[in-house]
Amino acid sequence: MFKRALSLVLCGIFAILSLVSCATAVQEDAVGYNFGDRILYGGSAVDTENGTVFCEDGAVYFSDEAGSKTLLSDCDAKYLNYYENKLYFVSGNDIKRANADMSDIETLYSFDSEIKCLYATDDGLYYQRGSSVYLNDGSEKMLLTREGMEGFVPESRNVMRWAERNPDYEYIEETGDEVWDDGQALYIEYSATVESDKENDVIYLQQEIGANLSSAGEYTGPVVEVGETTLPLAEHMPGTFFSKNGKACTCHNNPTNSTYCIQSVGNCNCMRFYPTGYQETCEIDLLGGQCFAFARMVFWKCFGFIDHSMNESLYYSVGSLGSGAVTAKNVKNLLMKAAPGAHVRLAAGHSVSILTMDEDFIVIYHGNAGGDGVISQPCIVSTRRYTWEQFATAAARGILYVNMPYNYPDSNVILSKKEPGFYKLKANLNLRAQANTQSESLVIVPNGTIVEVKEVDGFWGRIEYNGVSGWIFLEYTTYYTRETITPSGNVFKLDGDGYLRAAAWQMNFDSFSEHFDKQSLSVVTHKGENLASTDFIGTGAKVSLTVDGVEVDSATVCLAGDVNRNGRLDIGDYILIKRCVMGTYTPDTAQSVSADVSGDDKIDVFDYITLRRYFLEDDITLFESFLSK
């Protein structure tokens, strides 16, 4: 839709461009923040080094790893932040600061009106009073005013994401009954530049544009037996489609279409009547569609019934989390009460099944979403590995329930194929001279150590620990990350010069990481600055593979045509490429790679002609030469 709308005005723009000077500046972005939606949706809990601090019934409590609850203060606190070993929060109309144990509470600022959505940053404190957003770094400065603003999230010092109440929102209490429509979102969100007018705001929408191909390939993730069922299911492996005809649904989430699939699952390609797709011949009516139906199907395969209220005597929920209470530790403590096959319903309107969990990672199995080398498409099936911090971000709006059967069958993780990479030990392990248990033990490698496996022999891995080379049994470890940055699927290509090439745009870190299976990555902008969670990754961004904070590999992102480095393909890129040809703009190395979209090793007229053709024709194959370098 973006490209089609753009094509309507391009002809006129190109005509104007040929008559005027192409002097334009590359926009410099401010440092990005990494706030999710937790504070926007309540913000009543934070993780500290020793446990979780949370607000409940007008008081502040501490919970340790064992779950014991200790009263810290009877202070009525909201919008908790934990920043540089201090708690920042709102109490009444005051902004306060305290130590992590709520001692030495001090009032920083007092106001005569309500305070909302406090954020503590290096730049100062962001907060909302009335309909305005302020930054206070010692003096208060108004940044943005929007009538009807219910809350906001700072994306950077210059960009705010703000929310107004959705008039169509209706609260739906989801239990085990059918879910046809997730309902309207609580908020309508906009992206706004500070000190701008509302007519310049844009509806907040993240989507990846460009190459969008599933890539099943060989599955190398975890495999789990739940009773007599093996997950992932052989008939629904990552990269396949959970639909009637094994293809994506074309009317997916399209309310303007005459067949809106969530409300009319029986009349479109989405699966409700499993496995045939038709009520007359199905084995089970899943009483839902899309991700919800997929999680319910997995539940049925594992336990013999669906988690619907008609079966309420057969299953239970291990618990839930309100939006403000979502932290990595709280999410981990909740989900560790469940087991593989459990149906986790996120308040954001997504259902997932648990595949495996350990101290560091959770792997989920879901439909209607991408992950671990599979690109998001309607009805697509994938697995996805998250750190607990990453999954807490995905669940920031809350967890509604985690359904488990009362009679849970035996389960175990199947010994899976091993590969070189970094592993984290889950127990003290013998480092043996040979790859067998009868071999001499050379030394004990402590629990929690991260080691690099250079060679694999069955379920054994060869490592070097404190100068001693030997073998450890890898089933008592967690696969931590690969040794090198390795694109999964067919969207990103790593060339011989260390550039990650792609003809895909508008990717934030979450959608970007879908292309890199089992890799512990971090990304900074071309200026070395941190990305906000919703920032687009653009040309020149540095991707690092890190282990225990040490960089072991790196690469540079080069998106086809994204010369202005904003992560989009737009008219500014066309202008800059034309200026490069005219000699009025000198690109850096990464920009030069992105500008050469025709793939002929030079920036010339064919490059901006290729861009122009793409804007008008929407043909991704125009970038095949760029990707094949």
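Values in this document were obtained by computation on a predicted structure and should not be read as measured data.
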Thr539 vs Gln591, test: side chain to side chain donor-acceptor pair (under 3.5 Å). Steps then yes/no. CA-CA 7 Å; Thr539 289; Gln591 287 176 302; over 6 Å; no
Test side-chain contact (heavy atoms from CB on, under 4.5 Å) on Phe62 and Phe54; report intermediate values, then the result. CA-CA 6 Å; Phe62 172 79; Phe54 63 98; over 6 Å; no
Applying side-chain contact (heavy atoms from CB on, under 4.5 Å), run through Trp162 and Glu150 and close with a yes or a no. CA-CA 8 Å; Trp162 68 276; Glu150 291 280 337; over 6 Å; no
Decide side-chain contact (heavy atoms from CB on, under 4.5 Å) for Asp201 and Met160; before the verdict, give the C-alpha distance in whole Å, the side-chain angles of both, and the deciding distance to 0.1 Å. CA-CA 10 Å; Asp201 296 355; Met160 303 290 133; over 6 Å; no
Begin with the C-alpha distance, continue with both residues' side-chain angles, and end with the deciding distance and a verdict on salt bridge (charged side-chain N to carboxylate O under 4.0 Å, His left out) for Asp197 and Arg146. CA-CA 9 Å; Asp197 297 324; Arg146 294 294 184 267; 5.9 Å; no
Quick one, Ile364 with Leu355, criterion side-chain contact (heavy atoms from CB on, under 4.5 Å). Give me CA distance, side-chain angles, the key distance, then yes/no. CA-CA 5 Å; Ile364 55 102; Leu355 193 57; over 6 Å; no
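Classified by interplanar angle (parallel below 30°, tilted 30° to 60°, perpendicular above 60°), the ring pair Tyr127/Phe111 is tilted.
Taking a 6.0 Å sphere around NZ of Lys542, one finds it holds 12 or fewer heavy atoms contributed by other residues, nucleotides or ligands.
Asn99 places no side-chain N or O within donor-acceptor distance of the main-chain N or O of Asp101, the cut-off being under 3.5 Å. Proximity of a side-chain donor or acceptor of Thr546 to a complementary backbone N or O of Gly549 within less than 3.5 Å is not detected. With Ser594 contributing its side chain and Leu559 its backbone, the two residues share a donor-acceptor pair below 3.5 Å. The closest donor-acceptor contact from the side chain of Asn81 to the backbone of Ala120 lies under 3.5 Å. When atom types are taken as modelled, the side chain of Ser131 and the backbone of Glu147 share no donor-acceptor pair closer than 3.5 angstrom. A distance-only check finds a donor-acceptor pair linking the side chain of Asp573 to the backbone of Asn564 [under 3.5 Å]. Of the possible donor and acceptor atoms, one in the side chain of Ser382 sits under 3.5 Å from a partner among the backbone N and O of Gly370. Here the side chain of Asn508 pairs no donor or acceptor atom with the backbone of Asp535 at under 3.5 angstrom.
Partners of Tyr83 according to the ring-ring contact (aromatic ring centres under 6.0 Å, His included) rule, which considers only residues two or more places apart in sequence or in another chain, do not exist here.
Between the side chains of Asp64 and Ser68, at least one donor N or O lies within less than 3.5 Å of an accepting N or O. When only modelled atom types and interatomic distance are considered, Asp570 and Trp505 share no side-chain donor-acceptor pair under 3.5 Å. Side chain to side chain, Lys96 and Thr107 meet the donor-acceptor criterion of an N or O pair below 3.5 Å. Side-chain contact check for Ser132 and Thr145: at least one donor-acceptor pair (N or O, by modelled atom type) lies under 3.5 Å. Side-chain polar atoms of Arg296 and Ser353 form no donor-acceptor pair below 3.5 angstrom. Side-chain contact, Ser91 with Asp76: no donor N or O sits under 3.5 Å from an acceptor N or O. Counted by atom type alone, Asp123 and Tyr33 present one or more donor-acceptor pairs between their side chains at under 3.5 Å. Between the side chains of Asp47 and Thr52, at least one donor-acceptor pair of N or O atoms lies under 3.5 Å. Residues Tyr109 and Glu140 bring no donor and acceptor atom of their side chains to less than 3.5 Å of each other. Residues Thr48 and Asn50 bring no donor and acceptor atom of their side chains to less than 3.5 Å of each other. Checked by atom type, the side-chain pair Asp360/Tyr480 shows no donor-acceptor distance below 3.5 Å. In summary, the side chains of Gln128 and Tyr119 do not present any donor paired with an acceptor at a separation below 3.5 Å, with no hydrogens or angles considered. In the model, Glu551 has a side-chain atom that pairs as donor or acceptor with a side-chain atom of Ser544 under 3.5 Å.
In terms of heavy atoms, Met404 sits closest to Val318 at CG-CG1, 3.9 Å. Residues Asn200 and Ser196 share a closest heavy-atom pair of ND2-CB, 4.5 Å.
For the ring pair (Phe, Tyr, Trp, His ring centres under 6.0 Å) criterion with Tyr479, the lone passing option out of Phe361, Phe422, Tyr423 is Tyr423. Applying the side-chain contact (heavy atoms from CB on, under 4.5 Å) test between Phe512 and each of Leu531, Val491, Val557 identifies Val557 as the sole match.
At least one side-chain heavy atom of Arg129 sits under 4.5 Å from a side-chain heavy atom of Ser113.
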Which donor-acceptor pairs under 3.5 Å do the side chains of residues 389-400 make with protein atoms, sequence neighbours left out?
from	atom 1	to	atom 2	distance (Å)
Gln390	OE1	Thr387	N	2.9
Gln390	OE1	Thr387	OG1	3.4
Thr393	OG1	Glu389	O	3.2
Arg397	NE	Asp37	OD2	3.2
Arg397	NH1	Tyr41	OH	3.4
Arg397	NH2	Asp37	OD2	3.1
Arg397	NH2	Glu189	OE2	3.3

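Residues His343 and Phe292 place their aromatic rings such that the two centres sit under 6.0 Å apart. Between Phe516 and Phe492, the gap from one ring centroid to the other is short of 6.0 Å. Ring pair Tyr365/Phe294: centre-to-centre distance below 6.0 Å.
Taking CD of Gln506 as the start and CG of Asp562 as the end, the distance is 10.5 Å to the nearest 0.5 Å.
Between Lys69 and Glu56 there is a salt bridge, since a side-chain N of the basic residue sits under 4.0 Å from a carboxylate O of the acidic one. Glu359 and Lys424 are not joined by a salt bridge, as no carboxylate oxygen comes within less than 4.0 angstrom of a charged side-chain nitrogen.
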